[in-house]
There are 2 protein chains.
Amino acid sequence: MTKETSKSAAQMRKGVLELCILRILRGGEAYTSDIIDALKAVDLLVVEGTIYPLLTRMKNAGTLTYRWVESPSGPPRKYYDMTDRGRALLEELEATWNQFVDSVNSLESHMDTTAKNAPLKS
Amino acid sequence: MTKETSKSAAQMRKGVLELCILRILRGGEAYTSDIIDALKAVDLLVVEGTIYPLLTRMKNAGTLTYRWVESPSGPPRKYYDMTDRGRALLEELEATWNQFVDSVNSLESHMDTTAKNAPLKS
DNA sequence: AAAAAGTACTATGCTTAACATAGTACATGG
DNA sequence: CCATGTACTATGTTAAGCATAGTACTTTTT
């Protein structure tokens, strides 16, 4: 992947991380490292620094809650879970995402949309 | 669509507009209003102000060229076309896009990834 | 018991692309 | 000749991912 496309990839990630987190949490509560690992596994995250503030934003927005759970090794963990508001948002984001993908892919086929206005070659 | 999801939609658009423009131009040269209309038709663009600077960026990056064409009504138009570099970038962005969609959608199914680390309920 | 290492979370600033809005220039029509 | 419409340009704002550094707590090591 070139420098140019990796920049595009970073931009594409914007806006879907929230959806991805909600999708992960649909399977049950998880703590930050679990979420990070799941996202990294599918190359949707580069660094931890991105996810911590996002989880805080989502918690403040009322889409997530967390509870402290003692860890077998290390400091206690925040286990996150969806709220009802989060479940509603997930549904909306699913619809938005599917629409979005359809829109982008629709540009693959009908390339005559612009042809009707094409000028004569000089 | 709520205020929250429309924000997400705006974020999702980031990074794919370049790909979309290249997809549109694959069908042949087009001028800015053609491109804007095509993008608006599939809800991938809100305002013109976004696309003009983007086309300039892409021209400066060497992925696009343009030629002036007299208009039947109004000022002359910039007709854009892909360069060889643009065609190469298009291929890369196609791959990046497909990978990206697969990644996001892969989070739909295996929701047991995190379950193995799930704590006991208190 | 003190030092070292590892884990989990927090805080600050940067970059970039979409958005918003206003403004300029040119051509046609009344 | 002025009004209207079309095409392009310019400037500033916002927001999310990225980069990096730092704090706090726990377990392990010597």
Side-chain angles (χ1 to χ4, degrees), chain A residues 3-21 30-37 39-40 43-61 64 66-80 93 100 103-104 117 119, chain B residues 3-21 30-37 39-40 43-61 64 66-80 93 100 103-104 117 119:
Chain A
K3 197 184 73 184
E4 226 161 349
T5 48
S6 84
K7 249 195 203 171
S8 288
Q11 291 299 323
M12 288 181 189
R13 277 176 226 127
K14 295 191 179 188
V16 300
L17 275 183
E18 199 171 351
L19 166 64
C20 290
I21 288 173
Y31 84 111
T32 315
S33 288
D34 286 337
I35 298 172
I36 288 171
D37 290 346
L39 291 173
K40 279 193 171 176
D43 288 311
L44 281 171
L45 183 71
V46 178
V47 289
E48 290 88 7
T50 302
I51 226 68
Y52 280 104
L54 177 53
L55 287 172
T56 302
R57 275 204 300 277
M58 294 174 74
K59 188 258 166 186
N60 291 337
L64 298 183
Y66 66 80
R67 61 185 186 103
W68 288 101
V69 174
E70 294 304 314
S71 166
S73 65
R77 302 164 172 175
K78 279 184 181 175
Y79 268 81
Y80 285 94
L93 286 178
F100 171 66
S103 290
V104 175
N117 290 331
Chain B
K3 197 184 73 185
E4 224 162 350
T5 49
S6 83
K7 248 195 202 171
S8 288
Q11 290 300 323
M12 288 181 188
R13 276 177 226 126
K14 295 194 178 187
V16 300
L17 275 183
E18 199 171 351
L19 167 64
C20 291
I21 288 173
Y31 85 111
T32 314
S33 288
D34 286 337
I35 297 172
I36 287 171
D37 290 346
L39 291 173
K40 278 193 171 175
D43 289 311
L44 281 172
L45 183 71
V46 178
V47 290
E48 290 88 6
T50 301
I51 226 67
Y52 280 103
L54 177 53
L55 287 172
T56 304
R57 274 203 302 277
M58 294 174 73
K59 189 256 165 189
N60 290 338
L64 299 182
Y66 65 80
R67 62 188 186 102
W68 288 101
V69 174
E70 294 304 313
S71 165
S73 66
R77 302 163 171 176
K78 279 185 182 175
Y79 268 81
Y80 286 94
L93 286 177
F100 171 66
S103 290
V104 175
N117 290 331

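Sequence lines set the chain letters: A, B, ... in the order given, protein chains first and strands last, and positions in each chain run from 1.
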message: How many whole angstroms separate atom CG of N60(A) from atom C1' of dA15(D)?
response: 16 Å
field: OG-CE distance between S103(A) and M12(B), expressed to the nearest 0.5 angstrom
entry: 11.0 Å
d(CD1, I51(A); P, dT20(D)) in whole Å: 18 Å
query: Is the closest side-chain heavy-atom distance between D43(A) and F100(B) below 4.5 Å?
result: no
message: Does L45(A) form a side chain to side chain contact (heavy atoms under 4.5 Å, CB included) with I35(A)? I'd like the steps, not just the answer.
response: CA-CA 10 Å; L45(A) 183 71; I35(A) 298 172; over 6 Å; no
query: Centroid-to-centroid, Y66(A) to Y79(A), below 6.0 Å?
result: no
field: I35(A) CD1 to dG17(D) C1', straight-line distance once rounded to whole Å
entry: 17 Å
task: Determine: side-chain N/O of Y52(B) to OP1/OP2 of dA7(D), distance under 4.0 Å, yes or no.
output: no
message: How many whole angstroms separate atom CG of D34(B) from atom C1' of dA7(D)?
response: 12 Å
Quick one: which protein N/O atoms are closer than 3.5 Å to N/O atoms of nucleotides 16-27 of chain C? Pair and distance per line, please.
residue: dA17(C); atom: N3; partner: K14(B); partner atom: NZ; Å: 3.4
residue: dA18(C); atom: OP1; partner: G15(B); partner atom: N; Å: 3.4
residue: dA18(C); atom: OP2; partner: R57(B); partner atom: NH2; Å: 3.4
residue: dC19(C); atom: OP1; partner: R13(B); partner atom: NH1; Å: 2.2
residue: dC19(C); atom: OP2; partner: T50(B); partner atom: OG1; Å: 3.3

- request: To the nearest Å, give me how far apart CE (M12(A)) and P (dC18(D)) are.
  value: 13 Å
message: Using whole Å, what does the distance between atom C1' of nucleotide dC8(D) and atom NZ of K59(B) come to?
response: 14 Å
- line: Across all chains, not counting sequence neighbours, the side-chain hydrogen bond (donor to acceptor under 3.5 Å, both in side chains) partners of K40(B) are E48(B)
task: Respond yes when some side-chain nitrogen or oxygen of S33(B) is under 4.0 Å from OP1 or OP2 of dA7(D), and no when none is.
output: yes
- prompt: What's the CZ-P distance between R67(B) and dC8(D), to the nearest Å?
  reply: 13 Å
- prompt: Under 4.0 Å between a side-chain N/O of K78(A) and OP1 or OP2 of dT10(C), yes or no?
  reply: yes
query: Given atom CZ of R77(B) and atom P of dG5(D), what is their separation to the nearest angstrom?
result: 16 Å
- prompt: Is the charged tip of K78(B) near the ring of Y31(B): under 6.0 Å from the six-membered ring centre and within 45° of its axis?
  reply: no
- line: Between the CZ atom in R67(A) and the OH atom in Y80(A), the distance rounded to the nearest 0.5 Å is 13.5 Å
